[in-house]
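For reference, the structure discussed in these notes is given below.
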Number of protein chains: 2
Amino acid sequence: MKIQESAEMYLETILILSKKNHQVRSIDIANELNYAKPSVSVAMKNLRENGYIEMDSDLYITLTEKGRAIAEEMYERHTLLSEWLIFLGVDKKVATEDACRIEHVLSAESFEAIKKHVHGHISN
Amino acid sequence: MKIQESAEMYLETILILSKKNHQVRSIDIANELNYAKPSVSVAMKNLRENGYIEMDSDLYITLTEKGRAIAEEMYERHTLLSEWLIFLGVDKKVATEDACRIEHVLSAESFEAIKKHVHGHISN
DNA sequence: CGTATGAGTTAATTATAGCTAACCATATCT
DNA sequence: AGATATGGTTAGCTATAATTAACTCATACG
C-alpha cells in the first residue's frame, strides 16, 4: 500500500512535536495542524494499523522504524525547501507553506538534485 | 470559488492540445491524460459552467479569457520547472512528472522567485 | 457525590475526483 | 436497412480525507 500524502504529513508532524515536547498525543497533532479531533483519531488508527506508529496504554504516540524513516525524509525535504525558498527571497510564512506542499509531491531523484544544487548556494 | 488542482490540469491540457492540434474535443483530453471519457465529460461540464471554457455546437472546446489565463500560468510553470529540473540532472520523464505536480501547489511568490533564480542559470 | 473538563472514539456527512456500466446520437460501411 | 464505431452523457460507485454530532471514560473541582 502506497503511503498517502496525508499520512506523510501526520508522521512529519509527530516528529516535529516529539522534538519540542517529549510526549505526543492525538490532541497535540490536532492543535498543531488545526484539525478536528476525530480527523486525527481516525488517521492515527490507520497509521497504527499499518505499522507507522505505536500508542502506549496512555495513548502517547511514538514513531516506528518505518514511520520515522518517512517522517525524517519529509522533515529533511521541508527544511531544505523552505530554507532555500527563503534564501531566494520568499517570505518566510509563504516559503514554509509551499515547502509543506512540495515536499509530498517530489520524486527522490528531483529532491536529491535540488539538494545538491542548494548546497552549492547556501552555506550552512 | 477557488479553482481546483484538477481544473488547472485540464485547462493546461487544453492549451497544450490546442497548440499541436487545431481543435480540441473531450476525447482528445481523455487520451492525453489517460482518463476515462466520463471523467473528462463531467470535468468539462464544470469548467463550462464556471466560465473557463466554451464548447461550440460541434463540441469543440476553446478557453475563455479566464480559462486561458490559468492555462498559460500553469504552462509557464510547467515549462520552467521541468527545464530546470532537467538542467539539474534529473531524468526528463521524472522532471516532467514532478513539474506537473509542483506547478499546482506553488504560490505566485515562490514561482517568481524561482523564475528569477533560474534565469540566472539557464541561458535560453 | 455530582458535575465539568479533557481526550479519544464512532458514525454519518461532505467535497473532490476518479471509475464502470449503460445509454444516446451520428456517421460510416456493407 | 442494419451493424459497427466514435464521441458524449448520465447515473451510480469508489477512495481519500476532512467535518460535525454524539458518545465514552477518566480526572479534577467544590
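By convention in this document, chain letters (A, B, ...) are assigned in the order of the sequence lines, proteins followed by strands, and residues within each chain are numbered from 1.
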Completion exercise
chain A reaches DNA chain D, atoms under 4.0 Å from its heavy atoms, from dT16(D) to dA21(D)
Problem - Backbone of G51(B) reached by a side-chain donor or acceptor of T64(B) within 3.5 Å - result: yes
Exercise for the section: For S107(A), check side chain to side chain donor-acceptor pair (under 3.5 Å) against everything at least two apart and list the hits. Expected result: S110(A), D98(B)
Problem - Whole-Å distance separating the CD atom of E5(B) from the C1' atom of dA15(C) - result: 15 Å
Handout entry: Whole-Å distance separating the CD atom of Q4(B) from the C1' atom of dT14(C)
Key = 13 Å
Practice task
Report which part of the nucleic acid N34(B) touches: base, sugar-phosphate, or nothing (heavy-atom distance under 4.0 Å, all strands).
Solution key: sugar-phosphate
Handout entry: Separation between CD of E5(B) and CE of M74(B), rounded to the nearest 0.5 Å
Key = 9.0 Å
Exercise for the section: Report the nucleotide, chosen from dC19(C), dG8(C), dA17(C), that has the shortest atom-to-atom distance to any side-chain atom of R25(A). Expected result: dG8(C)
Practice task
State whether the side chain of K66(B) and the backbone N or O of N50(B) hold a donor-acceptor pair below 3.5 Å, judged by distance alone.
Solution key: yes
Could you list the protein-to-nucleotides 9-12 of chain C atom pairs, N/O on both sides, closer than 3.5 Å?
from: dT9(C); atom 1: OP2; to: S41(A); atom 2: OG; distance (Å): 2.7
from: dT9(C); atom 1: O5'; to: S41(A); atom 2: OG; distance (Å): 3.3

Handout entry: Atom pair CG (L47(A)) and CD1 (I3(A)), whose distance is rounded to the nearest 0.5 Å
Key = 7.0 Å
Exercise for the section: Using atom types as modelled and distance alone, determine if a side-chain donor or acceptor of H22(A) lies under 3.5 Å from a backbone N or O of S18(A). Expected result: no
Practice task
Using a cut-off of strictly less than 4.0 Å, decide whether S39(B) has a side-chain nitrogen or oxygen near OP1 or OP2 of dA17(C).
Solution key: no
Completion exercise
Between CG of N21(A) and P of dA7(C) the distance, given in whole Å, is 13 Å
Exercise for the section: Determine whether more than 12 heavy atoms belonging to other residues, nucleotides or ligands lie under 6.0 Å from atom OH of Y75(A). Expected result: no
Problem - Aromatic plane relationship, H117(A) with H117(B) - under 30° parallel, 30 to 60° tilted, over 60° perpendicular - result: perpendicular
Handout entry: Short side-chain N/O contact from Y10(B) to OP1 or OP2 of dG18(C), under 4.0 Å
Key = yes
